[in-house]
Number of protein chains: 2
Amino acid sequence: MSVEKEERSDRTYHHGDLRAALLRAGGKLLVEEGVENLTLRRVAREVGVSHAAPYRHFKDKESLLAAITLSGFYKLTMLMKSAKTSNPGAPREQLVKAGVNYIQMALAHPEMMQLMFGGTIKRVILEQEFERAVKLGEYPRDALDAFEKLEEIVDVGVESGTFRQKDVHELTLLAWSTVHGLAMILLGKQLQEPPEGPEAVEALTKCLCEDLLLGVLVRS
Amino acid sequence: MSVEKEERSDRTYHHGDLRAALLRAGGKLLVEEGVENLTLRRVAREVGVSHAAPYRHFKDKESLLAAITLSGFYKLTMLMKSAKTSNPGAPREQLVKAGVNYIQMALAHPEMMQLMFGGTIKRVILEQEFERAVKLGEYPRDALDAFEKLEEIVDVGVESGTFRQKDVHELTLLAWSTVHGLAMILLGKQLQEPPEGPEAVEALTKCLCEDLLLGVLVRS
DNA sequence: ACCTGAACACCGTTCAAGT
DNA sequence: ACCTGAACACCGTTCAAGT
């Protein structure tokens, strides 16, 4: 039924580790039932604690939500990093891999992704909660720097003469926008004829990434 | 204070036009206070009706929200259409204009845009509410077809040999993804150094659109 | 046909009080 | 220092009853 409990002692469960327990339960609720059913009181119930207890660890509901999304941002950062290391010296392939990873993450964790980028959580709160989490050793300092990881890929592409000699930051934003937009469009089911199945999605993603590389205008 | 009331007669206000009044009040609340403060009960209060009255016109809260977003989708469609007609015969300029319009809409109506694409409203409900609205003569049949309008631009670009000879649908999705992604990134304040002011935003948008046209790879 | 009022189950948040 | 229980103000939704 419920998540396997710490066997160590009640001490661990009921003191000190409540924060972690709330984060786990909240994340589970988010994934399984969506934000609309993620309620402070339910999270508390799930963990077996009074509904006022979470307020010792999070300022309010939005703060808890922010803390939950941190794991999503971190995962995204890792995926961008792995896109780079998995194709050493080939920025073009790295960029496509980054795109594919991004879309895969979006389809694998739609609720998380919508919460991360849906505008529910104010940036200030996200950053506050991030500072807190870093101080607690939950995440490394660069956990939110997915953009910078992508930028590194673009940078190598430009330096090596593979990509156009344009401002790296601008090109990175172009790439991120494209892949982020595709992700949000797919999650929101905005397409009249959405790609069916993971393979079709991956194929579409690669197509768009290639188109992004080549541009819209004819190459004379 | 409150919106100017219909001077005609109480008949108009309290019967028959409740739906329109709810939509107007809801839209106003959305714009001025955000989705998180848009409450069925508040909308009813604003209109001067009991909190159960809205249920005669909308199945539930989500349906009302969906109906409210229709005006946003319609505006987006109009903007794509005007991007085409404002630069007759110049698909390249049309595409850039479409992008600029899209971003301007996003910055002008952030709350609307987040509600439209934030995942709060299920597609099914949106479509149900759209059918209802069309039947009531509130919107034309193509009010949701912003994508198709953009596709027309791309089509001309490809046919005229200005754009690459690629699947039109795919190229359109590329363009839409890019500009939609940029919009969502800006709205979510995801950039560490966001463009300051409308001029900077427009300049950035044009840059990205040009980059999209030219592509990431060097043009040898 | 359309609206009201009371009722229900559920929230987020606060705070005195407990250990 | 951390948690509980009661309390408050607010929701969304339903339904019998009114006009």
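Chain A is the first sequence line, chain B the second, and so forth, proteins listed ahead of strands; every chain is numbered from 1. For clarity, every value in this text was computed on a predicted model and none was experimentally measured. These values consider heavy atoms only, across backbone and side chains, with no hydrogens, waters or symmetry-generated copies.
When the C1' atom of dC10(D) is taken as reference, atom CZ of Arg42(B) falls 12 Å away, rounded to whole Å. Here dC10(C) presents its P atom at 14 Å from CD of Glu33(A), a figure rounded to the nearest Å. Regarding Glu46(B), its CD atom lies at a distance of 16 Å from the C1' atom of dC11(D), rounded to whole Å. One can place CG of Asn37(A) at 19 Å from P of dA9(C), the figure rounded to the nearest angstrom. Nucleotide dC3(C) holds its P atom 10 Å from the CG atom of Asp17(B), rounded to whole Å.
The salt bridge (charged side-chain N to carboxylate O under 4.0 Å, His left out) check on Glu202(A) picks up Lys206(A), with sequence neighbours excluded. For Glu138(B), the side chain to side chain contact (heavy atoms under 4.5 Å, CB included) partners are Arg19(B), Leu23(B), Ala133(B), Leu136(B), not counting sequence neighbours.
For Glu131(B), the CD atom counts as densely surrounded, since its 6.0 Å shell holds more than 12 non-hydrogen atoms of other residues, nucleotides or ligands. Atom CD of Glu36(B) has more than 12 neighbouring heavy atoms from other residues, nucleotides or ligands inside a 6.0 Å radius.
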Nucleotide-resolved protein contact map, nucleotides 13-19 of chain C, B/S/- at heavy-atom distance under 4.0 Å: BBB----
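You'll find that the side chain of Arg45(A) is closest to dC11(C), out of dC3(D), dC11(C), dC11(D).
OP1 or OP2 of dG12(C) has at least one side-chain nitrogen or oxygen of Thr39(A) nearer than 4.0 Å.
We find that Glu152(B) and Lys81(B) are not joined by a salt bridge, their nearest charged nitrogen and carboxylate oxygen being 4.0 Å or further apart.
For DNA chain C, if you chain together Watson-Crick or G-U pairs that step i with j, i+1 with j-1 and so on, the runs of at least three with distances under 3.5 Å are C:4-8 with D:12-16, C:12-16 with D:4-8.
Heavy atoms of Arg19(B) sit nowhere under 4.0 angstrom from any nucleic acid atom.
No side-chain donor-acceptor contact under 3.5 Å links Asp155(B) to the backbone of Glu151(B). When atom types are taken as modelled, the side chain of Gln94(B) and the backbone of Ile153(B) share no donor-acceptor pair closer than 3.5 angstrom.
Here the two rings, on Phe147(A) and His169(A), have centers that are under 6.0 Å apart.
Within residues 114-123 of chain A, no residue approaches DNA chain D, by heavy-atom distance under 4.0 Å.
Heavy atoms only, all atoms of each residue included: Tyr102(B) and Met113(B) are closest at CE2-CE, 3.5 Å.
Between Gln114(A) and Val35(A), every side-chain heavy-atom pair lies at or beyond the 4.5 Å cut-off.
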Using a 3.5 Å cut-off and no angle test, enumerate the donor-acceptor pairs between side-chain atoms of residues 60-75 of chain B and protein atoms at least two apart in sequence or in another chain.
{"residue": "Asp60(B)", "atom": "OD1", "partner": "Glu62(B)", "partner atom": "N", "Å": "3.4"}
{"residue": "Asp60(B)", "atom": "OD1", "partner": "Ser63(B)", "partner atom": "N", "Å": "3.0"}
{"residue": "Asp60(B)", "atom": "OD1", "partner": "Ser63(B)", "partner atom": "OG", "Å": "3.1"}
{"residue": "Lys61(B)", "atom": "NZ", "partner": "Leu38(B)", "partner atom": "O", "Å": "3.1"}
{"residue": "Glu62(B)", "atom": "OE1", "partner": "Lys122(B)", "partner atom": "NZ", "Å": "3.2"}
{"residue": "Glu62(B)", "atom": "OE2", "partner": "Lys122(B)", "partner atom": "N", "Å": "2.9"}
{"residue": "Thr69(B)", "atom": "OG1", "partner": "Ala66(B)", "partner atom": "O", "Å": "2.7"}
{"residue": "Ser71(B)", "atom": "OG", "partner": "Ile68(B)", "partner atom": "O", "Å": "3.1"}

